[in-house]
Enquirer: 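I'd like to ask some things about the structure below.
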Protein chains: 2
Amino acid sequence: MAKQIPDIVIGRLPVYLRALQQMKQEGRQVTSSQELGERLGISAAQIRKDLSQFGEFGKQGTGYNIEYLANQVREILKVNRSWDVIIVGAGDIGRALAGYNGFSERGFKIRGIFDNNASLVGSKQGEFTISDSKTMKEVIQTSGIKIAMIAVPAGHAQQVADQLVEAGIRAILSYAPVNLNVPAGVRVQNIDPSIHLQRMTYYLE
Amino acid sequence: MAKQIPDIVIGRLPVYLRALQQMKQEGRQVTSSQELGERLGISAAQIRKDLSQFGEFGKQGTGYNIEYLANQVREILKVNRSWDVIIVGAGDIGRALAGYNGFSERGFKIRGIFDNNASLVGSKQGEFTISDSKTMKEVIQTSGIKIAMIAVPAGHAQQVADQLVEAGIRAILSYAPVNLNVPAGVRVQNIDPSIHLQRMTYYLE
DNA sequence: CGTTTATTGTGCAACTAAACACAATAGGGG
DNA sequence: CCCCTATTGTGTTTAGTTGCACAATAAACG
Ligand SMILES: NC(=O)c1ccc[n+]([C@@H]2O[C@H](COP(=O)([O-])OP(=O)(O)OC[C@H]3O[C@@H](n4cnc5c(N)ncnc54)[C@H](O)[C@@H]3O)[C@@H](O)[C@H]2O)c1
Ligand SMILES: NC(=O)c1ccc[n+]([C@@H]2O[C@H](COP(=O)([O-])OP(=O)(O)OC[C@H]3O[C@@H](n4cnc5c(N)ncnc54)[C@H](O)[C@@H]3O)[C@@H](O)[C@H]2O)c1
């Protein structure tokens, strides 16, 4: 069996990928671990070691071909294809996510947005029509969707997560400010701006 | 000089605090490192060790008084007071943040929302009126604001960050999908849903 | 008032992650 | 074609983090 890759390394790869995509857009062709490190505030050695877990992508003296490396990282992260994603909760955050056009170039395609508020169901939200969350399970299962974003109030998030997992979702990005409990095999990432702010106040005067 | 506390410990404290606040709301009075750990998926020993960096907050045999511990953690994180925050960019995300009522109970007060689009300036956004970003610096300086959230397009984020730092901002929460470069002494936290999603796809089939 | 139970705070050991430092070498220039 | 420079990939060292295990002790109970 191949060596187990640390979570923390996987966590950095998307950051590298984003920087590579940006360099590509700037018209650049090659870069080095040093340059990448300077941009990201990470040591060059760490970037090299992280990448070396997966193969040899660079050339001595030259560095890395940006497009090639980006494609390799996409392959490692399995975002060299497009993943279907659904959004649950069509409030301010859910609608902002539905209207965000930054997902497609990063490997994700929004497949639907669901709400349990009957007065929202059926209304247009950009290119999407808000669906009744009663139909969520069927959509997830017939389309084989594995990823969901939760944007419902905190008090409803656990219950929504339970439904999603039961329907077959295996990765959840939650905007609700609560800890979700999910069975092993299901991944959760949380986005809570208050938490991020509180991580900085400690360092302020 | 007091022992230097690792960043990674500071990063967990807001998560503990959120769980404590939730327990309090559930009417609970005491908890234990074990119970907290189970809720958060963190080992009890780690929670005890993290807290012990700052003092002795529990009682053998009994555990921790929730309200007391929450207050201690608030004090450590300096969120036992209210921090003024501004939002730059009054698009979908900026407006969602301005309308979010979850900040006040976590130690933050939105003091203004700024945009450089003349046709937005002056319009009402919930309880706020969108201000011209030309006036940002003055507001920051006269009110002594230290924290800002950036919700402008990626291509404008670095420039906005530069302006903010120059005006005196010392902590930035950025929603723009780019790496910001800021001088030492300024903290940055990033929220980018694509990054979070890409951290999970690796583990999917 | 002694015994039992629960649970803390922490020294130490084990593990994990980061940094260092250098041989190997690609490519450019003379 | 050889030397010089830049830069990789990695073995080794150093630093940082987590988990273990237990003495200390608060409270409950009989
Ligand atoms: N607005 C922000 O900037 C912001 C910031 C941080 C966190 N959050 C969090 O994100 C979540 C959403 O925030 P929001 O401002 O969009 O809230 P919102 O109240 O505007 O929207 C929530 C939506 O979820 C729907 N909903 C409720 N229960 C549901 C269920 N069981 N199934 C399906 N849909 C359901 C509601 O009908 C509503 O449309 C909340 O948990 C909030 O705390 C929001
Ligand atoms: N909408 C989402 O769900 C979402 C998700 C992830 C990331 N983001 C990111 O968050 C940021 C904001 O997203 P959005 O959807 O709200 O964008 P948006 O285009 O709706 O709004 C951006 C706002 O910023 C203003 N602006 C532009 N340059 C400015 C400047 N120099 N100073 C002040 N204001 C300026 C614009 O006038 C506009 O009102 C973007 O970087 C986007 O990539 C958004």
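Every chain is numbered from 1, with letters handed out A, B, ... down the list of sequences.
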Enquirer: Between A:Gln198 and B:Arg106 (side chain of the first, backbone of the second, donor and acceptor by atom type, cut-off under 3.5 Å), is there such a pair?
Expert: yes
Enquirer: So which nucleotide from D:dA26, C:dG9, D:dT10 ends up closest to the side chain of B:Glu56?
Expert: C:dG9
Enquirer: Pick the nucleotide of DNA chain C nearest each of A:Ser43 and A:Gly61; which residue has the one closer to the 5' end?
Expert: A:Ser43
Enquirer: Roughly, in whole Å, what's the span from CG in A:Leu51 to P in D:dT8?
Expert: 10 Å
Enquirer: Output yes when at least one side-chain N/O atom of B:Arg12 is less than 4.0 Å from OP1 or OP2 of D:dT17, else no.
Expert: no
Enquirer: Could you check how far CD1 of B:Ile5 sits from C1' of D:dT17, rounded to whole Å?
Expert: 14 Å
Enquirer: Nearest to the side chain of B:Gln60, heavy atoms from C-beta on, is which of C:dT7, C:dA26, C:dT10?
Expert: C:dT7
Enquirer: Can you tell me the distance, in whole Å, between the CD atom of A:Gln34 and the C1' atom of D:dT5?
Expert: 13 Å
Enquirer: Do A:Ser32 side-chain atoms and A:Gly63 backbone N/O form a donor-acceptor pair below 3.5 Å?
Expert: no
Enquirer: Pick the nucleotide of DNA chain D nearest each of B:Ala45 and B:Lys59; which residue has the one closer to the 5' end?
Expert: B:Ala45
Enquirer: Yes or no on side chain to side chain donor-acceptor pair (under 3.5 Å) for B:Gln46 and B:Asp50, after CA distance, side-chain angles and deciding distance?
Expert: CA-CA 6 Å; B:Gln46 177 150 85; B:Asp50 284 353; 5.0 Å; no
Enquirer: Please report the C-alpha distance between B:Gln25 and B:Gln21 in whole Å, then the side-chain angles of each, then the deciding distance to 0.1 Å, and finally whether the side chain to side chain donor-acceptor pair (under 3.5 Å) criterion is met.
Expert: CA-CA 6 Å; B:Gln25 238 176 1; B:Gln21 277 185 300; over 6 Å; no
Enquirer: Would you check if the side chain of B:Lys146 reaches a backbone N or O of A:Leu204 as a donor-acceptor pair within less than 3.5 Å?
Expert: no
Enquirer: Calculate the interatomic distance between B:Arg48 atom CZ and D:dA21 atom C1'; express it in whole Å.
Expert: 10 Å
Enquirer: Without decimals, in angstroms, what is the distance between A:Asp50 CG and D:dT8 P?
Expert: 13 Å
Enquirer: Please confirm whether the shortest side-chain N or O distance from A:Tyr64 to OP1 or OP2 of C:dA26 is below 4.0 Å.
Expert: no
Enquirer: Please state how far atom CG in A:Asn65 lies from atom C1' in D:dA6, giving the value in whole angstrom units.
Expert: 17 Å
Enquirer: Rounded to whole Å, please give me the gap between CZ in B:Phe54 and C1' in C:dT10.
Expert: 16 Å
Enquirer: From C:dA26, D:dA26, D:dT8, pick the nucleotide closest to the side chain of A:Ser33?
Expert: D:dT8
Enquirer: Of all the choices, C:dA19, C:dT8, D:dT17, which nucleotide is nearest to the side chain of B:Ile8 once you look at every atom?
Expert: D:dT17
Enquirer: Whole angstroms only, please: what is the CD-C1' distance between A:Gln46 and C:dT16?
Expert: 12 Å
Enquirer: Out of C:dT10, C:dA19, D:dT10, which nucleotide sits closest to the side chain of B:Lys49?
Expert: C:dT10
